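See structure below.
In this text, all values refer to a predicted model and were calculated from it rather than measured experimentally.
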Amino acid sequence: MSRRILSALSLVVTVLAFAFGSPEGARAQGQDEGQPAGAGQGQTPGEIPSIADKTEGMEKIDGFVPIYFDAKAGKIWLEVSRWDTEFLHYTSLPAGLGQNDIGLNRGDLGPSHVVVFQRVGPQVLMVEPNYRYRAISDDPLERRSVDDGFPTSVHAGFKVAAETEGTVLVDATDFFMRDWQGVIATLRRSNQGTWKLDKTRSAIYMPRTKGFPLNTEVELTLTFTSDNAGGLISSVSASRGALTVRQHHSFVQLPAIAASSDPDGYTPRAADPRAGYGAISYMDFATPIGEPLTKRYIRRHRLQKVDPSAAVSDVVEPIIYYLDPGTPEPVRTALLTGGAWWNQAFEAAGFRNAFRMEMLPADADPMDLRYNVVQWVHRSTRGWSYGNSISDPRTGEILKGHVTLGSLRVRQDYLLAEGLLAPYDEDGSIPSEMSEMALNRIRQLSAHEIGHTLGLSHNYIASAQRANGGQSVMDYPHPRATLAADGTIDVSDPYDNEIGAWDKVAIAYGYQDFPAGTDEAAALDDILREAREAGITFITDQDARPAGSAHPNVHLWDNGATAAGGLNAMMDVRRTALDQFDESVIRMGQPLALLEEALVPVYLHHRYQVEAAAKVVGGLYYTYALRGDGQEPVRFVPAGEQMAAMDALMRTLDPAELTLPEQ
């Protein structure tokens, strides 16, 4: 038989085998071996189902980004229809560790990013544009040159599992079930062992997974395990080697910007180092030569007058903060009262009923972006309180204020008062001075932390300006204790009980809604100039901490118009408290060993004022001066003030002051 005939017969055999379903033919068609004849008919290769078919039997939660929960598989799916549309994604920690030295507290806010969904064939990418570098220009090619000059970040990639008319469905289970809050890294840095996420002990937390028109909320229960858990984490976890927390995801529609098609959009406000605000910054490569390349804008809430031309006007929408309903009385009332002080500042700026405090509804989610929240957070040890916020990285507009107040703070002030007053007689009565002092502190603390979420920074020079009305709730206050005429210690005025003069200045700068046609830059400069002329200024953290700072009036936890005068006054109070210190600092029936807990803060009553006085020696007065604003940038502390500080410091080293009384 000729070679040509053999080739023809071989071709016929191959064609027949392919047509009648031999194993080789099945593999050539992509059909699994052993699959029944005709299986998979009706769906051509590469075809994907509709969203309705794919999600049949799943629970749908509609909202800004619709989600589906597959209870059988334990999966969560995202429905994506907004392509190349910017929105905000951020995470938070609704259930934390309760250990201050580690962190990761209940209510902690995590990273936030402006992101977009992009479709690339069968894939969906979640991409973060790089807003650190921009070109504010009408020229699209100029903008693109900057966009292409710096890297973006792809935070996640998904595979399209279903599609209907351009809307796709993706499996987001692995996206959510990640350690977005950095629990593992935090525990490693804290020397608490090597941990890993155990997905078999993790799941979607459906009670806090919800959808709303402008935001979608998804919550996860995450379990981390370790075979070498550290002592701190073991002290707070239910079982050694396993800890379970909850992590929350928010997808949020971003607000309009005034420069966009919405004329009522948000208008950023320029930052000024003299104004006391935190800021966003970016490099604008469309800036004309000779002007600063870096642009800075303050962080603040959106607040508009109904009538900007009126000296006093109602507001379009007030700023409302909600208090954690788990807060007990009398702390609840104290926090509501202190937080509401901020309305005094807004009233001074011409806003009527612009700020108020309310109780968070019992069924509301405190991590929901729609609520500015003050949370009462418990830890195993006393820790810091925080005022944080979620803001629009494009403009600085604050979208959510979130305050964490440590519940043990109030007990610390109660302890300070016990040591100073020695209040307990043998009749077992409990005077009210201690609780009154502690609640005074809580009111001030509420105002302070909310101030941060309004955009304000610390102002540590305020205590030195209190004599001329320049106080601020944004300072760190040491409890004021004085000696009464009869020589007893008086704590009846331990903390300020209203908003400060500086706070009113800062709110006017950040929030004033000027009438059309106003030269905003000049009007803002006038606000700060008038404050300076009244002796009200601003200096913040980098110039207040002990290391490397030299300003004699700027310190944490200090009192008095001068550091030396404040130190001598504190030493007088300390001496009186030590001389009277005995069993009456603890209640009847309590272990005498508790005397030690009350003694330590009394003995070290002056410790922060010592640091403040030490900065006077060789110190420098200075301001955040701009060229041409009329301020004196720097001057040496006069010799007489330095010598007074030296005398006060030497007093603290006197053996009579260091020695404990015999009793």
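Under the 4.5 Å side-chain criterion, counting only non-hydrogen atoms from C-beta, R106 is in contact with D324. Looking at heavy atoms from C-beta onward, Q118 lies in side-chain contact with D84 at the 4.5 angstrom threshold. For the pair I67 and W77, the minimum side-chain heavy-atom distance is 4.5 Å or more. Inter-residue side-chain proximity for V183 and T186 is flagged as unmet; no heavy-atom pair is nearer than 4.5 Å. Considering only heavy atoms from C-beta on, T55 stays 4.5 Å or farther from K60 through its side chain.
Salt-bridge formation is not detected for the pair D147/R144: no Lys NZ or Arg NE/NH1/NH2 atom is positioned less than 4.0 Å from an Asp or Glu carboxylate oxygen. Under a 4.0 Å N-O distance rule, the pair E347/K504 does not qualify as a salt bridge. Between R532 and E530, none of the side-chain N atoms (NZ, or NE/NH1/NH2) sits under 4.0 Å from a carboxylate O, so this pair counts as no salt bridge. Salt bridge D525/R274: present, at least one basic N to carboxylate O contact under 4.0 Å.
Sorted by first and then second residue, the salt bridge (charged side-chain N to carboxylate O under 4.0 Å, His left out) pairs with a member in residues 306-320 read D314-R352; sequence neighbours excluded. Annotation: salt bridge (charged side-chain N to carboxylate O under 4.0 Å, His left out) contacts involving residues 170-184, sequence neighbours excluded, comprise K75-D171, D174-K199.
A cation-pi arrangement is present between R635 and Y621 under the rule of less than 6.0 angstrom and at most 45 degrees off the ring axis. Note that R134 lies in the cation-pi zone of Y282, set by a 6.0 Å cut-off to the ring centre and a 45° limit from the axis.
Scanning both residues, S190 and Q192, for their nearest heavy atoms gives O-NE2, 3.0 Å. When every heavy atom of T540 is checked against every heavy atom of V554, the shortest pair comes out as O-CG1, 4.5 Å.
Using cut-offs of 30° and 60° on the angle between ring planes, the pair F251 and F175 is parallel. Using the six-membered ring where Trp is involved, H448 and Y476 have ring planes that are tilted, between 30° and 60° apart.
Between F87 and F117, the gap from one ring centroid to the other is short of 6.0 Å. Y371 and Y321 have their aromatic ring centers separated by at least 6.0 angstrom.
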side-chain contact (heavy atoms from CB on, under 4.5 Å) between T91 and H248, worked out = CA-CA 5 Å; T91 61; H248 193 93; over 6 Å; no
Does the side-chain contact (heavy atoms from CB on, under 4.5 Å) test come out yes or no for V245 and T221, once each step is laid out?
-> CA-CA 6 Å; V245 297; T221 296; over 6 Å; no
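For the residue pair H249 and H89, a side-chain donor N or O sits within less than 3.5 Å of a side-chain acceptor on the partner. Side-chain contact of T453 with K400: a donor-acceptor pair under 3.5 Å is absent, judged by distance alone. In this model, a donor atom of one side chain and an acceptor atom of the other lie less than 3.5 Å apart for D541 and H458. Donor-acceptor pairing under 3.5 Å is recorded for the side chains of E79 and Y68.
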What pairs of donor and acceptor atoms, side-chain ones from residues 208-215 against any protein atom, are under 3.5 angstrom apart with sequence neighbours left out?
unit_1	atom_1	unit_2	atom_2	d
R208	NH1	D365	OD1	3.3
T209	OG1	Y205	O	2.9
T209	OG1	E219	N	3.2
N215	ND2	E217	OE2	2.6
N215	ND2	D368	OD1	2.9

